[in-house]
Every structure is written in C-alpha cells, then in structure tokens.
Peer 1: 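Sharing a structure with you now.
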Amino acid sequence: MNGQSIWLSLLRRDLLLAARRSADVASVIFFFVIAASLFPLGVGAEPAMLRAVAPGVLWVAALLSTMLSLGRLFAADHLDGTLEQMLLSPQPLIMTIIAKTLAHWLISGLPLVVLAPVLGLQFDLSGREILVLTVSLLLGTPVLSLIGSIGAALTLGVRGGGVLVALLVLPLYIPVLIFGAGAVTASAAGLGAQAGLSLVGAMLAVSAVFAPYAAAAALRIALE
Amino acid sequence: MNGQSIWLSLLRRDLLLAARRSADVASVIFFFVIAASLFPLGVGAEPAMLRAVAPGVLWVAALLSTMLSLGRLFAADHLDGTLEQMLLSPQPLIMTIIAKTLAHWLISGLPLVVLAPVLGLQFDLSGREILVLTVSLLLGTPVLSLIGSIGAALTLGVRGGGVLVALLVLPLYIPVLIFGAGAVTASAAGLGAQAGLSLVGAMLAVSAVFAPYAAAAALRIALE
Amino acid sequence: MLAAHDLACERGGRALFRNLNFTLERGVLLHIKGANGSGKTSLLRMLCGLTPPASGRITWDDEDIRGLRENYAAQITYIGHHPAVKDELSALENLRVAQALAGQPVTVAQAQAALAAVGLQGRANLPLRVLSQGQRRRVALARLWLSHAVLWILDEPFNALDVEAAALLERHIETHLGAGGMVVLTTHQQPGIASQRMHIVQLAA
Amino acid sequence: MLAAHDLACERGGRALFRNLNFTLERGVLLHIKGANGSGKTSLLRMLCGLTPPASGRITWDDEDIRGLRENYAAQITYIGHHPAVKDELSALENLRVAQALAGQPVTVAQAQAALAAVGLQGRANLPLRVLSQGQRRRVALARLWLSHAVLWILDEPFNALDVEAAALLERHIETHLGAGGMVVLTTHQQPGIASQRMHIVQLAA
Amino acid sequence: MSKINWFKYSSPPAFFPLAGRMIPWFSAAAVLLIAAGLYISFFVAPTDFQQGEAYRIIFLHVPAAWMSMFIYVLMAGYSALSLGFNARLSAMMASALAPTGALFTFLALLTGSLWGKPMWGAWWVWDARLTSELILLFLYIGYISLQSAIDDRRRADRTSAVFALVGVINVPIIYFSVRWWNTLHQGATISMTKAPAMAHTMLLGMLVMAVGFWMYTIAVVLMRVRCVILEREREAGWVQDMRGME
Ligand code: HEM
Ligand SMILES: Nc1ncnc2c1ncn2[C@@H]1O[C@H](COP(=O)(O)OP(=O)(O)OP(=O)(O)O)[C@@H](O)[C@H]1O
Ligand SMILES: Nc1ncnc2c1ncn2[C@@H]1O[C@H](COP(=O)(O)OP(=O)(O)OP(=O)(O)O)[C@@H](O)[C@H]1O
Ligand SMILES: [Mg+2]
Ligand SMILES: [Mg+2]
C-alpha cells in the first residue's frame with residue numbers, strides 16, 4: 001500500500017476521532033467564543049471602544065484557543081502507544097506529521113475562521129474589516145497549527161509540558177498576532193491591509209516548509 | 001486515625017503533587033500573564049484605552065485560566081483510580097472535596113491574586129484601583145474554584161467534559177466577573193467599590209456553604 | 001463476614017450475572033473465576049460499594065454495606081486494575097500518600113520496609129514514571145504489607161509480576177488468611193494457595 | 001534474519017544489560033525472560049528501532065536497522081504494553097485504523113473476521129471504553145490475525161487474557177512460526193510453544 | 001575569540017585543561033575592559049545636552065542588549081553542531097551559554113526600564129522591541145527549564161537544541177522590530193552602512209563595554225563547561241586519572 005493512502009487514512013482517522021470527541025473539539029471553539037464574548041462584559045460596552053479593541057480581542061482569543069488545543073496534537077497518541085505505531089508505520093514520519101497538523105487545523109483552526117465574522121458582527125465591525133479579519137485568520141491559523149506542532153512535539157512527555165509549549169510557541173506566535181490584528185486595525189484606519197496580510201502569508205509559506213521537519217526531528221528524539 | 005489528619009494529609013498530598021508538576025501549575029499562571037499581556041499587543045498600546053480595559057482584561061484572564069485548571073481538579077485522580085481510593089477512604093466524601101477544592105484555589109487561584117498587582121502596573125492602573133482589583137480577585141477566585149468543583153465533578157468521565165464544564169460553570173461565573181470587574185471600574189470612576197465587593201463576598205459565602213455538597217453528590221454519581 | 005444475596009449485574013442493558021450468592025468467612029480466600037468480560041471487575045467494584053448492584057444486597061456482618069459507608073470502607077483494601085499511583089511521585093511518596101488516604105498513615109521507615117519487602121530496595125526514591133510495568137504494580141501491592149484492613153479486594157494482582165514476585169504475594173496472602181483475614185481476588189492464573197482455604201465463584205461468560 | 005551484536009542498554013545512568021548477542025531465524029520464537037525491571041521492554045523497543053541502543057548494533061538480513069527505517073518497519077508488527085487503542089472508537093474502527101497505519105488496510109469483513117477469531121463477536125461495534133481489560137487486549141491482538149509482517153514483537157501479550165484466549169494466541173503464534181514467521185516476546189508465564197521452536201534469552205536482573 | 005580551538009579541541013579530555021588555562025586570561029581582560037568602559041562612560045563621555053546624565057545608562061544598556069542577542073545566536077550555532085555531528089562538547093557549550101544569555105537579557109530589560117522612566121515616563125511600554133526582548137528572556141528560561149525538565153541527558157541536549165534552533169528566529173524580530181513597527185524605542189544608531197550618528201566617545205565607551213562583556217561571557221562559560229564536563233564524564237577514565245594527579 002503506497003504512502004499516500006496511509007496518509008489519507010491517518011487524516012481520516014484523526015477527523016473521525018475528533019468527531020467522536022466532538023465535545024472536546026467544541027470546547028476549543030466554545031473557548032474562542034467565550035473569551036471573545038466575555039470581554040464586552042468585563043470591559044463595559046461602549047461601541048466605540050469595543051470596535052477599537054475588537055481585532056485584538058478576537059485574534060488573542062484565537063491564539064489562546066489554538067494554544068490550548070495543542071495538547072491534543074500528540075499527547076493522547078503518546079500515552080496510549082499509538083504514536084509508537086505511527087513511527088513504525090512504513091510512511092516517512094514527516095508525512096504523518098503533516099497529516100496530523102492538517103487535521104489539527106481543520107479541527108481547531110478552520111472553525112475559528114468560520115466563526116470570526118459572526119463575532120465581528122457582535123463587536124459591530126464594518127463589512128470590510130470583517131473581511132480582512134477573516135482573511136487574516138485564514139492565513140494566520142495554519143501558522144499557529146504548524147508552529148504549534150513543533151512545540152507539542154518538543155515537550156512530548158516532558159514534565160509539565162504545558163507551560164513549556166507556551167514558552168516555546170508564544171514568541172513565534174506574537175508576530176502573527178501583531179501583523180494579523182494589525183492588518184485589521186490598519187484597514188479600519190483606512191490604511192491598506194495588504195502589508196500585514198502579505199507578511200502573515202509569508203510566515204505561512206515559511207512555516208509550512210520548515211515546521212514539519214523540526215517537528216519530525218523533535219518527535220524522533222522524544223520517543224527514543 | 002481521625003478524619004482531620006486524613007484531611008490534612010490529603011491537602012498536603014495535593015500540594016506536593018502540584019509542586020512536582022510545578023510546570024503544570026505554572027502553565028495556568030503563565031496563561032494568566034500571557035492572556036493579560038497579549039492584549040496590549042493585539043489592541044495597540046494607547047495608555048488611556050489600556051487603562052480603561054485593564055480590569056475587564058485581567059478579570060477575564062483570571063476567569064479563563066481558572067476554567068482551564070478545573071480539568072486538573074478530579075480528572076487525573078479519576079483516570080489512575082486514586083479517586084476510587086478516596087471514596088473508599090474512611091472520611092466523609094465532603095471533607096475530601098473541601099480539601100481538594102482548597103488545594104485547587106491555593107494552587108491556581110491565589111497566584112493570580114498575587115500577580116494581579118504586577119499586571120496592574122503594566123496597564124498602569126492607580127494604586128487605589130490596583131488595591132480594589134486585588135481584593136476583588138481575592139474574594140472572587142475562591143468562588144470560581146468552588147463553583148468549578150461542581151462542574152468538574154458533574155462532567156467527570158463524561159466524554160469531552162471540557163465543553164460541558166464550561167457550559168455549566170460559565171453562567172455562574174459571569175456574575176462574579178461583572179461585579180468583580182465592575183468594582184474596579186467603579187472605583188476608577190470615583191464611585192465606591194463597596195457595592196461590587198460586598199456582592200462578590202456574598203457569593204463567596206453562599207458557594208462555600210453549598211458547593212461542596214453539590215460536588216460530593218455529583219462525584220458519587222460519576223463513579224457508580 | 002461478607003455475604004452476597006441474589007446479586008445481579010447489568011452493563012449496557014446486558015445482564016452479566018444474576019442470583020449470585022456467596023458468603024466469605026475469616027481466613028478464607030474467594031477466587032472469582034470467569035472469562036474475559038464475564039463481570040469480575042464489575043463484581044469487585046460492587047463488593048467495594050463503588051457500584052450499586054442492579055439487584056440484590058451485599059452485607060458485612062449482616063448489615064447492608066450501603067448503610068455502613070465509611071465504616072465499611074475502613075475494613076477493606078481495594079487494589080484495582082489501575083494501580084492508583086502518580087507518575088510524578090516517588091515510590092515512597094506514592095505509598096505513604098495511599099496509606100494516609102486509607103486512614104492508616106505510616107512512617108518513612110515503615111514504607112521503606114514495605115517497599116523492600118516487594119523487592120524495590122534502591123528504587124524507593126525514583127519517580128514512578130521511570131519504573132517498569134511490574135515495578136509499578138509492586139508499588140501498588142506494597143500497600144498490602146502495611147494495611148490493617150480485614151478484607152482485601154484484588155483485581156488481577158498477579159498481572160505483570162514476575163514469577164518470584166507472584167510467589168511472594170501468594171505467601172503474603174496466605175499469612176493474611178492465616179491471621180484471620182479475608183481476600184477476594186480475580187486472576188486468570190491458578191493462585192498457589194492451599195485449596196482448603198480457597199473458595200471459588202465461577203461467573204458464566 | 002534478525003541479529004543483535006553486543007547490545008547494551010542504559011537507563012538513568014544504570015546499565016541494564018551489555019554484550020547481548022543473539023540471532024533469530026525464520027520459524028523461531030525468541031522468549032525474552034527476566035525479572036521485573038531487567039530491561040525486557042527496553043530491549044523490545046530497541047528491536048523495533050524506537051530506541052537507539054547505548055552501544056552495539058541490530059541487523060536485519062545483515063543491514064543495520066537504523067539505515068532501513070521504513071523498510072524495516074514494514075517487516076514488523078509491534079504490540080506493546082500499551083494496547084494503542086482509542087476509547088472513543090469501536091473495536092472494529094480501532095482495528096481498521098491500526099492496520100491502515102501499518103500500511104495493511106483491511107475491509108470491514110476482514111476486520112470482523114479477525115475480531116470473531118479473538119472471540120469478540122457481537123462486541124465489534126462497542127466503543128472500547130466499555131470493554132473489559134481482557135477484551136481491550138484482545139482488540140489489540142486481533143491485529144496479528146491480519147498482519148502480513150514477518151516479525152512479531154509482543155510485550156507480555158498474555159497479560160489480562162483468560163486461559164482460553166491465551167491458548168488461542170499460542171496456537172496462532174505457532175501457525176505463524178510454521179509459516180516461516182518470527183516472534184520475539186516477553187512473558188512471565190511459560191508460553192505453550194513447542195520447545196524446539198523456542199529460543200530463550202535470559203536477562204539478568 | 002578562541003572559537004577556532006573549539007574544533008581542534010572538540011573532545012572534552014583535550015578541551016578541559018585548555019579551558020582551564022584560558023580562564024584566567026579572559027577573566028583579567030574582562031575586569032580591565034569593563035573597568036575602562038565604565039570609566040569612559042561616567043567620566044570621559046560628555047553629558048548629553050537633552051537627556052542629561054540619565055543617558056549614561058546607554059553604556060550598560062546597549063552592550064547588554066547586544067550580548068543578549070549575540071549569545072542566543074551563538075547558542076543556536078552550537079545546538080546545530082551538536083545535532084548535526086552530535087558533538088558532546090557543542091551541546092555542553094550551548095547549555096553553558098544559556099544562563100549568561102539570560103543574565104544579559106535581564107540586564108537589558110532592567111537598564112532599559114530604568115531608562116524608560118525618565119525618557120518615556122513609564123517603566124514599561126508595550127513596544128515591539130521591549131516585548132520581543134522580554135520574549136527572548138522567555139526563550140532563555142524556556143531553554144533552561146526544558147533542559148532541567150528532562151532526566152535523560154542525551155534527550156535533554158537534543159530536545160533543547162531543536163528548541164534553540166527554532167527560537168533563533170526571534171532574534172531578527174528583536175533587531176528589526178524598530179524598523180518594522182514605528183516604536184517608541186530608538187532605531188539602530190550603529191549600522192555597518194552609514195557612519196555612526198552618535199558621538200565617538202559614546203561609541204567608544206559602548207564598544208569597550210561590549211568587548212568587556214564578551215570576555216566575561218567567555219570566562220564564565222568556560223568555567224561552567226568545565227563543571228558540566230566533570231559532572232557528565234564522572235565515569236570516564238581521564239577524569240579519574242586527573243583526580244589521581246590532584
Ligand atoms: C525595557 C526596556 C528596553 C528594552 C527591552 C530595550 C531593548 C533594546 C535592545 C534589544 C537593543 C539592541 C538592539 C540594537 O542594537 O539595535 C537596544 C538598543 C538601544 N536602546 Fe533599548 N531597550 C529598552 C529601553 C530603552 C530606553 C528607555 C531607551 C532610551 C530612550 C533605549 C535606548 C536604546 C538605544 C539608544 C539603543 C542603541 C540602538 C543602537 O545603537 O542600535 N532603550 N535596546
Ligand atoms: N455500556 C456497555 N455496553 C455493552 N456492554 C458493556 C457496557 N459496559 C460494560 N459492558 C460489558 O460488561 C463487561 C465488563 O465486565 P468486566 O470489566 O467486569 O469484565 P472482567 O470479568 O473484569 O473481564 P476481564 O477478565 O477482561 O477483566 C464486558 O463484557 C463489557 O463488554
Ligand atoms: N531514569 C531512570 N532512572 C533509573 N532507573 C531507570 C530509569 N528509567 C528506567 N529505569 C529502570 O530501567 C528499567 C526499565 O526496564 P523495563 O521497563 O524494560 O523492564 P521490564 O523488563 O520490561 O520489566 P517488566 O517485566 O516489569 O515489564 C527499570 O528497572 C527501571 O527502574
Ligand atoms: Mg477485569
Ligand atoms: Mg515491560
């Protein structure tokens with residue numbers, strides 16, 4: 001059986017698992033919505049201010065909820081020994097990682113992108129800002145998953161990996177946050193959003209090329 | 001051996017575990033700091049606006065990080081069978097729960113209270129606001145732990161408890177958030193903070209009395 | 001004295017067993033036999049009072065254990081499939097914590113002795129994370145060397161133990177029986193216990 | 001042909017074994033014996049290529065397995081302490097996923113047949129969460145009824161299995177050996193395999 | 001810099017004594033240069049017409065900030081070596097560099113915020129450079145705690161090496177942050193291309209301090225590596241022999 005169909009079945013399996021643990025997946029999305037919606041409650045609801053903070057709030061919420069879901073990327077499979085089986089599967093490890101990262105994005109990144117416009121409306125952003133916001137998330141969330149995969153692999157089975165993942169991943173997330181949110185604020189201020197968006201796009205390209213290799217290396221080391 | 005010293009040793013054990021999983025604990029605190037610190041980056045750093053959103057941001061951050069740590073309250077002990085041993089221990093279950101909830105607050109609530117002033121400085125709040133903020137958290141975070149214990153117990157072993165915990169717990173958290181953050185904003189606006197604070201205090205009293213019983217009942221059911 | 005009256009167990013709508021009756025006097029071991037999935041673990045959990053039986057009663061000295069709660073709990077030591085040990089804690093700490101929880105706190109020296117008894121000298125201070133499967137099991141079983149409980153309830157205690165450790169455990173169980181203790185256990189091996197001390201309950205698969 | 005040359009294993013600074021040499025031809029079972037903590041599991045993980053040996057080489061048909069990677073992986077089926085099954089998935093799904101991962105996808109019918117072979121008829125569609133310890137183990141082992149791999153590496157496969165299931169597995173292993181397969185396993189019981197087919201490696205504790 | 005020697009002496013037994021011999025020299029150089037730097041910065045350099053005396057912090061701040069970044073890059077370099085050729089010594093060097101790097105990062109943050117109070121009227125502002133420097137501190141801490149979190153030496157080295165390599169991307173972010181975002185913080189006033197925009201004495205002071213810091217770093221790192229070597233090669237024959245000699 002050729003590697004490709006292993007790859008597909010792996011992807012399918014991750015999605016199936018997600019479907020079974022639907023509540024578990026929902027919790028990430030739910031967290032995103034909560035985090036975003038609580039702010040107006042805490043901050044007090046002046047439309048002007050809300051509109052000003054909206055992009056930042058939504059992006060931060062997206063970033064945090066992705067960071068939370070990273071635990072699920074490898075840890076569960078590590079505990080019950082499935083990860084060993086994956087290393088023993090006759091397909092290059094890097095393919096495995098790409099499949100799992102893609103699945104992770106489909107499960108915990110894409111939904112955020114889909115939800116963003118709705119939340120944008122809550123903060124009454126203009127149609128144009130909402131568009132930019134969605135695009136920036138569409139480009140940005142995959143980067144979060146890709147970088148996240150490295151962090152998750154590095155801290156696999158390490159005492160209290162949680163904080164370490166955050167420590168490693170965050171510095172790399174922040175530029176995405178700044179440019180992503182920046183793009184929206186810029187377009188709100190009437191400046192073009194292209195600059196920010198294209199930078200996020202560039203990060204996507206770079207991380208898509210390098211992250212899987214780093215993650216693969218980290219994973220091999222972790223399972224020695 | 002009398003119940004009380006079981007109670008103490010249980011508390012000591014939870015703290016010891018936390019010390020061993022220090023990074024795991026740190027991650028909650030770290031999350032609090034991150035969540036609070038990312039905002040200025042996303043939102044853009046005008047002092048005026050920051051000062052205005054600070055109380056909300058900090059309270060929401062505290063609320064979210066507590067919600068995250070709820071998973072640790074019973075789940076781990078459930079998986080490895082320790083919880084069964086606790087039900088079999090010759091002390092009333094309610095004592096067990098009080099011990100664990102207290103430990104939970106000491107581990108993931110108290111640190112937030114301690115850190116709040118520092119973060120308050122970052123958002124340059126006035127001394128008075130910082131004081132009110134700290135007090136409101138001091139009164140509020142135990143409520144979060146107490147209410148949380150019910151949610152955690154109810155959703156124990158339920159597939160994807162995560163989202164359920166959130167769903168169950170959140171409605172009860174929101175008032176705490178509103179009054180807690182409200183108190184700070186009020187004192188910032190020169191109005192007295194007493195009203196808000198005393199309301200939060202009342203919630204603390206009520207939940208301290210009733211939450212453990214609810215949690216105990218939930219736990220028995222969960223383990224049948 | 002432990003007794004089961006017309007016990008029945010249901011799981012997911014299927015009846016695993018019904019009308020199960022037995023009594024267990026002091027000094028006797030009850031070996032619960034049955035194929036995989038016949039309901040042994042479920043039965044043990046009932047005997048601990050963790051799961052209420054679908055029907056029937058379990059009595060301790062003729063009182064329903066439901067009523068006794070903590071008082072009954074103080075009489076038993078249950079060691080299940082899950083060893084109930086924490087990876088982060090050392091063998092020593094795990095043991096002391098478990099005993100404290102059971103209301104029978106022990107000194108470091110006592111705990112050390114128990115660990116030595118199960119052949120973990122020199123491992124006492126390693127975090128459990130690094131111990132082998134059998135060693136983890138031994139840590140869990142070490143509680144039996146410290147327990148004051150009359151009734152031991154053991155779910156497949158011989159799993160993952162090497163021959164020597166298994167023999168050790170058998171000897172220890174016999175001493176417990178000799179001292180008037182009671183044991184309920186499940187295992188797929190043939191426990192090496194003097195047969196006159198051993199009663200058998202067979203669950204139909 | 002699998003061969004170990006002067007293998008050494010270290011854990012936490014302590015040497016578990018060194019200068020371990022053996023070769024395994026087709027049709028032979030290698031029974032790795034040793035007390036708890038003697039390094040059996042560690043050795044099996046080395047043979048799978050998961051852990052690099054502290055020193056020494058492992059060769060497959062005279063090539064170092066480090067170099068072979070995926071090609072070697074395609075030759076072996078490893079079933080470790082952890083059953084590598086998911087609680088959320090049904091027995092059937094677990095089996096099919098595992099096989100797909102191993103690069104040997106199977107149809108529903110084939111998977112059903114394998115599950116029936118290990119005595120799980122009628123359980124195939126239950127989520128693994130609700131299965132008993134032994135039944136979970138059987139699901140993991142069912143892979144052996146589907147695997148095309150030459151070399152089986154099994155870590156205490158008889159754990160938690162009832163007598164009947166154990167016998168079943170022994171028969172199946174013998175058929176595999178008969179067909180020119182190889183098996184490396186650890187167990188604390190005495191596997192019921194014709195002794196001329198069985199070589200033994202004893203690890204000093 | 002005795003960088004070349006790392007390769008010639010890249011086996012611990014050969015390196016250990018060499019390091020021992022080099023330490024005194026670097027320590028001495030460090031003391032002298034830092035003293036000189038401080039002298040220049042506090043007595044020679046003229047008072048700044050707009051910033052007054054406060055600006056003198058720059059003589060600590062900037063070199064510290066430079067070191068914080070240089071050291072990280074160096075650490076990543078050694079990590080790459082240790083992964084590539086799994087050279088034991090490189091791994092040790094990398095782990096020995098981390099604490100010093102963290103120290104300088106902290107120093108840059110401290111001096112920076114001390115300076116910030118008079119200049120910007122705030123201890124801390126949410127400025128890209130400040131934030132990314134803070135993150136650099138996180139990275140150092142992360143690296144150190146990752147190493148201490150893993151018991152198995154080999155795995156600890158290799159894992160933290162990957163960590164360091166991935167994290168190195170933060171350095172350009174720090175450096176160019178001032179260019180990418182219009183920030184409160186100064187842009188680079190020293191650049192390879194255009195003539196330095198600041199007074200020559202200031203520049204001199206900073207450079208002397210920077211070199212002094214380098215000497216200090218090398219000295220401290222060598223000491224640390226010697227300890228690490230002893231601790232890790234406890235069992236090795238040559239260590240035993242050396243013990244014998246002492
Ligand atoms: C905590 C606050 C601060 C941090 C983390 C910080 C960080 C840095 C860093 C990383 C550099 C080196 C980058 C480079 O060489 O271009 C640097 C250089 C510099 N910083 Fe800061 N800084 C802080 C506060 C300040 C303040 C308040 C001032 C003065 C208003 C200041 C003035 C400078 C100057 C003049 C340079 C030299 C730039 C160059 O020559 O390239 N910094 N700082
Ligand atoms: N929700 C459910 N639906 C269907 N069957 C269930 C459900 N929950 C449990 N079961 C069945 O109940 C039985 C559980 O029995 P138990 O775990 O006590 O077995 P056991 O005798 O301990 O087996 P083993 O020897 O493998 O440990 C299993 O056959 C399992 O399939
Ligand atoms: N970090 C460590 N420090 C000290 N000892 C360790 C460390 N990691 C592993 N060990 C030891 O290495 C051994 C692990 O061996 P392994 O798990 O292969 O045993 P095993 O032969 O499979 O035993 P079992 O029969 O119980 O499964 C154990 O003795 C364990 O104590
Ligand atoms: Mg069972
Ligand atoms: Mg083993």
Side-chain angles (χ1 to χ4, degrees), chain A residues 1-27 72-100 103 107 156-157 159 216-224, chain D residues 9-11 41-42 44-54 65-66 68-90 92-106 127-129 136 139-140 143 147-149 151-153 155:
Chain A
M1 170 187 187
N2 56 5
Q4 193 209 354
S5 63
I6 301 185
W7 190 83
L8 276 179
S9 59
L10 183 56
L11 182 62
R12 215 179 297 112
R13 171 242 185 211
D14 274 17
L15 297 179
L16 175 64
L17 261 177
R20 286 298 157 75
R21 297 178 178 154
S22 48
D24 193 357
V25 176
S27 66
R72 276 215 315 285
L73 193 43
F74 298 120
D77 286 338
H78 181 47
L79 281 181
D80 64 17
T82 314
L83 206 52
E84 288 177 344
Q85 297 295 340
M86 290 176 180
L87 259 79
L88 293 179
S89 108
Q91 96 175 318
L93 182 55
I94 181 132
M95 299 305 294
T96 311
I97 285 175
I98 293 174
K100 288 191 74 67
I107 294 163
L156 198 59
R159 235 173 303 132
L219 215 51
R220 276 239 165 64
I221 296 166
L223 283 192
E224 274 183 1
Chain D
C9 171
E10 275 193 7
R11 281 272 178 278
T41 298
S42 313
L44 292 194
R45 287 176 51 84
M46 281 184 194
L47 293 180
C48 293
L50 288 169
T51 330
I65 62 171
R66 279 237 204 71
L68 294 170
R69 285 227 164 152
E70 284 82 22
N71 306 336
Y72 177 61
Q75 307 290 323
I76 67 180
T77 295
Y78 170 63
I79 296 181
H81 260 308
H82 297 295
V85 287
K86 291 268 174 242
D87 280 355
E88 291 79 10
L89 300 184
S90 74
L92 190 66
E93 289 162 332
N94 267 301
L95 189 53
R96 294 194 66 202
V97 164
Q99 281 306 99
L101 254 183
Q104 302 170 1
V106 294
L128 233 66
R129 185 171 7 93
R136 300 168 62 87
V139 174
R143 286 184 55 200
S147 144
H148 309 161
L151 173 58
W152 294 354
I153 300 183
D155 199 349

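The model shown is predicted, which means the values in this text are computed figures rather than measured ones. Chain A is the first sequence line, chain B the second, and so forth, proteins listed ahead of strands; every chain is numbered from 1. Only this structure's heavy atoms are used, side chains among them; waters, hydrogens and symmetry mates stay out.
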Peer 1: So for Glu93(D), is it side chain, backbone, both, or neither that comes closer than 4.5 Å to the heavy atoms of chain A?
Peer 2: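 Contact with chain A: side chain only.
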
Peer 1: Working to the nearest 0.5 Å, report the span between NZ of Lys86(D) and CG of Leu16(A).
Peer 2: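 Reported value, rounded in 0.5 Å steps: 11.5 Å.
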
Peer 1: At a heavy-atom separation under 4.5 Å, does Arg96(D) approach chain A through its side chain, its backbone, both, or neither?
Peer 2: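 Neither part, no heavy atoms under 4.5 Å.
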
Peer 1: In terms of heavy-atom proximity below 4.5 Å to chain D, should Arg220(A) be classed as side chain, backbone, both, or neither?
Peer 2: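 Side chain only.
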
Peer 1: If you tally heavy-atom pairs under 4.5 Å against chain A, which of Pro52(D), Gly49(D), Ala98(D), Pro83(D) wins?
Peer 2: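 Ranked by contacts with chain A, first place is Pro52(D).
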
Peer 1: Could you give the distance from CD (Gln99(D)) to CD1 (Ile6(A)), rounded to the nearest 0.5 Å?
Peer 2: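 Going from the CD atom of Gln99(D) to the CD1 atom of Ile6(A) covers 11.0 Å.
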
Peer 1: Can a donor-acceptor pair be found, under 3.5 Å and without considering hydrogens, that links the side chain of Gln85(A) to the backbone of Thr77(D)?
Peer 2: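 Here the side-chain-to-backbone pair does not exist.
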
Peer 1: Between atom CG of Leu88(A) and atom CD of Glu70(D), what is the distance when rounded to the nearest 0.5 Å?
Peer 2: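 Separation between the atoms: 10.5 Å.
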
Peer 1: Within this structure, what is the CG-CZ distance for the pair Leu93(A) and Arg69(D), rounded to the nearest 0.5 Å?
Peer 2: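 One finds 8.0 Å between CG of Leu93(A) and CZ of Arg69(D).
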
Peer 1: Atom CG of Asp87(D) and atom CZ of Arg20(A): how far apart are they, to the nearest 0.5 Å?
Peer 2: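 Answer rounded to 0.5 Å: 12.5 Å.
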
Peer 1: Do the non-hydrogen side-chain atoms of His82(D) and Leu79(A) ever get within less than 4.5 Å of each other?
Peer 2: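 Of all side-chain heavy-atom pairs linking Leu79(A) with His82(D), none is under 4.5 Å.
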
Peer 1: Can you measure from CG (Leu17(A)) to CD (Glu88(D)) and round to the nearest 0.5 angstrom?
Peer 2: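 Answer rounded to 0.5 Å: 6.0 Å.
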
Peer 1: For chain D, find which of Asp80(A), Thr96(A), Thr82(A) contributes the most heavy-atom pairs closer than 4.5 angstrom.
Peer 2: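 If we count pairs closer than 4.5 Å to chain D, Asp80(A) comes out on top.
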
Peer 1: Can you name the closest pair of heavy atoms from Ala74(D) and Pro90(A) and give their distance?
Peer 2: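 Of all heavy-atom pairs spanning Ala74(D) and Pro90(A), the closest is CB-CB, 4.0 Å.
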
Peer 1: Does any heavy atom of chain A fall under 4.5 Å from the side chain of Ser90(D), the backbone, both, or neither of them?
Peer 2: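 For Ser90(D), the contact with chain A is made by the backbone alone.
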
Peer 1: Among the options Val97(D), Leu89(D), Leu50(D), pick out the one with the most heavy-atom pairs lying under 4.5 Å from chain A.
Peer 2: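 Most heavy-atom pairs under 4.5 Å with chain A: Leu50(D).
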
Peer 1: Does Leu10(A) reach the side chain of Leu101(D), with side-chain heavy atoms less than 4.5 Å apart?
Peer 2: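 Leu10(A) vs Leu101(D): side chains touch.
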
